Amino acid sequence: MNITTQEKIKLFREIRGDDIYPSNEIRDAFYELLCPNNLTEMTLNQSTMAAAFYGYMLKNMGARFGMDVIDETSISVVRDFGYLKTKEYLQKNVPVHLDARGPGEVLMAALISTSNPEYKVEFIQYEEAKTVIRLFGTCRYYKMASKLGIQSYLSLPIIKPWFESIVEELKINCSIEVEKKFQNTDGRCEFHFVFRRL
């Protein structure tokens, strides 16, 4: 469902309300052309920007310091995001178990609140001792890396260090195994993550 330009202006007033444009006509033209029509469009636009930032950062790091730093940098950044999101959800009192279910619960929180709208999740097993998650859809980071020709320098799945940092931040004694189903250059992927309490 498309919304009118004036409805878009009202909708975005909270974040764009202090802007002063050369004229209302110019403002309206830009809103009509560029402003998302709904939450899905806006979320996917933001997702594309996050993936582009990730990809271009890695590409430039490789060009400047050598291609061997691409994977190391990717792992470090993804791990840091895992720590950040875990701390954030704990501070918000998101119910996270300190066992094999915990990493999946942080994933649920991230998918619902901010992260990776192109990923889909299926909990195959959800128990204290063992949790199995099927993560599928599109890995926006791998898709962008492929567009930039740097995907061969990345360890797969890109999201694994994110889960590792969650386990560390939650201080749970848990192993992480990945059954890689596939990862295509267009970003389509399917992975099974197995979390086992040790």
Side-chain angles (χ1 to χ4, degrees), residues 40 43-44 46-48 50-51 53-55 57-58 70-147 150-198:
T40 300
T43 302
L44 291 173
Q46 294 298 317
S47 175
T48 299
F53 184 84
Y54 165 87
M57 176 194 63
L58 293 180
I70 288 177
D71 193 43
E72 179 184 324
T73 304
S74 174
I75 289 168
S76 179
V77 168
V78 171
R79 285 180 68 81
D80 285 347
F81 277 132
Y83 289 121
L84 175 74
K85 297 316 286 181
T86 304
K87 288 175 187 174
E88 177 185 318
Y89 299 137
L90 291 174
Q91 288 172 353
K92 289 183 177 182
N93 296 315
V94 173
V96 176
H97 290 92
L98 301 179
D99 54 39
R101 296 170 292 181
E105 292 164 342
V106 173
L107 173 66
M108 268 192 285
L111 292 177
I112 290 169
S113 66
T114 60
S115 300
N116 276 318
E118 299 92 343
Y119 272 141
K120 308 296 180 227
V121 65
E122 175 188 1
F123 282 79
I124 296 170
Q125 187 173 343
Y126 180 71
E127 298 170 3
E128 289 179 41
K130 181 181 177 187
T131 294
V132 181
I133 298 170
R134 175 180 170 240
L135 194 61
F136 62 103
T138 300
C139 175
R140 62 184 175 179
Y141 300 120
Y142 192 82
K143 182 178 179 179
M144 179 56 70
S146 296
K147 284 183 180 179
I150 60 171
Q151 77 280 5
S152 63
Y153 299 100
L154 296 170
S155 297
L156 297 178
I158 290 172
I159 196 172
K160 186 179 182 203
W162 191 77
F163 282 120
E164 291 169 347
S165 64
I166 292 167
V167 167
E168 290 171 16
E169 186 63 32
L170 294 176
K171 295 176 179 55
I172 54 177
N173 197 12
C174 179
S175 67
I176 305 170
E177 299 167 30
V178 182
E179 298 175 11
K180 182 168 66 173
K181 296 296 184 184
F182 70 85
Q183 174 73 73
N184 288 349
T185 55
D186 67 358
R188 287 181 301 122
C189 62
E190 179 174 342
F191 301 104
H192 288 205
F193 289 88
V194 181
F195 303 93
R196 281 193 177 86
R197 188 175 58 194
L198 299 174

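These numbers were taken from a predicted model, which means no experiment stands behind them.
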**Asked** Side chains of Pro117 and Leu44: closer than 4.5 Å at any heavy-atom pair?
**Response** yes
**Prompt:** Checking salt bridge (Lys or Arg N to Asp or Glu O under 4.0 Å) against Glu190, which of Lys120, Arg134, Lys181 comes through?
**Reply:** Arg134
**Asked** Among all residues two or more places apart in sequence or in another chain, which pass the side chain to side chain donor-acceptor pair (under 3.5 Å) test with Arg196?
**Response** Glu177
**Asked** Do Cys139 and Gln183 come close enough that some side-chain heavy atom pair is under 4.5 Å?
**Response** yes
**Ser76 side-chain N/O to Glu72 backbone N/O, donor-acceptor pair under 3.5 Å** = no
**Asked** If you measure from OG on Ser152 to CD1 on Ile70, what distance do you get to the nearest 0.5 Å?
**Response** 8.0 Å
**Asked** Do the side chain of Thr131 and the main chain of Ala100 share a donor and acceptor less than 3.5 angstrom apart?
**Response** yes
**Message:** Do Arg188 and Phe182 make a side-chain contact, defined as non-hydrogen atoms from C-beta onward lying under 4.5 Å apart?
**Reply:** yes
**Asked** Which class fits the ring pair Phe123 and Tyr126: parallel under 30°, tilted 30 to 60°, perpendicular over 60°?
**Response** perpendicular
**Asked** More than 12 foreign heavy atoms under 6.0 Å from OH of Tyr153: is that the case here?
**Response** no
**Message:** For the residue pair Tyr89 / Ser113, report whether a side-chain donor-acceptor contact shorter than 3.5 Å exists.
**Reply:** yes
**Request:** List the atom of Ser74, the atom of Ile158, and the distance in Å for their closest heavy-atom pair.
**Result:** OG-CG2, 4.2 Å
**Atom pair CG/CG of Leu198 and Asn173 - distance to nearest 0.5 Å** = 4.5 Å
**Message:** Does any part of the side chain of Pro103, heavy atoms only, come nearer than 4.5 Å to the side chain of Ile172, both counted from C-beta?
**Reply:** yes
**Complete:** In this structure, NZ of Lys85 is separated from CD of Glu169 (nearest 0.5 Å) by 13.0 Å
**Complete:** For Ile133 and Gly104, the nearest pair of non-hydrogen atoms, with its separation, is CD1-CA, 3.4 Å
**Request:** Have a look at Tyr141 and tell me which of Tyr54, Phe53, Tyr119 forms a ring pair (Phe, Tyr, Trp, His ring centres under 6.0 Å) with it.
**Result:** Tyr54
**Message:** Salt bridge check, Glu168 against Arg79: does any charged N sit closer than 4.0 Å to a carboxylate O?
**Reply:** yes
**Request:** Kindly indicate whether the side chain of Val96, heavy atoms from C-beta on, has any atom under 4.5 Å from the side chain of Ile166.
**Result:** no
**Request:** Go through the steps to decide whether Gln151 and Leu156 satisfy the test side-chain contact (heavy atoms from CB on, under 4.5 Å), and finish with yes or no.
**Result:** CA-CA 9 Å; Gln151 77 280 5; Leu156 297 178; over 6 Å; no
**Prompt:** Measuring from His192:NE2 to Ile124:CD1, what's the distance to the nearest 0.5 Å?
**Reply:** 4.0 Å
**Prompt:** Is Ile159 close to Phe191 at the side-chain level, that is, under 4.5 Å between some pair of heavy atoms?
**Reply:** no
**Item:** Expected output: side-chain Ser47 to main-chain Thr43 donor-acceptor under 3.5 Å
**Value:** no
**Request:** Would you mind checking if Lys130 and Glu127 are paired as a salt bridge, meaning a charged N to carboxylate O distance below 4.0 Å?
**Result:** no
**Message:** Could you check whether Glu105 and His97, counting side-chain N and O atoms only, form a donor-acceptor pair closer than 3.5 Å?
**Reply:** yes
**Asked** With Thr86, which residues qualify under side chain to side chain donor-acceptor pair (under 3.5 Å), at least two apart?
**Response** none
**Item:** Validation row: Pro157, Lys160 side chains within 4.5 angstrom (heavy atoms)
**Value:** yes
**Complete:** Looking only at heavy atoms, the pair that brings Cys174 and Val167 closest together is O-CG1, 3.9 Å
**Item:** Atom pair NZ (Lys147) and OG1 (Thr185), whose distance is rounded to the nearest 0.5 Å
**Value:** 11.0 Å
**Item:** Phe81: side chain to side chain contact (heavy atoms under 4.5 Å, CB included) partners, not counting sequence neighbours
**Value:** Val77, Leu84, Trp162
**Asked** How many angstroms lie between atom SG of Cys189 and atom NZ of Lys143, to the nearest 0.5 angstrom?
**Response** 11.5 Å
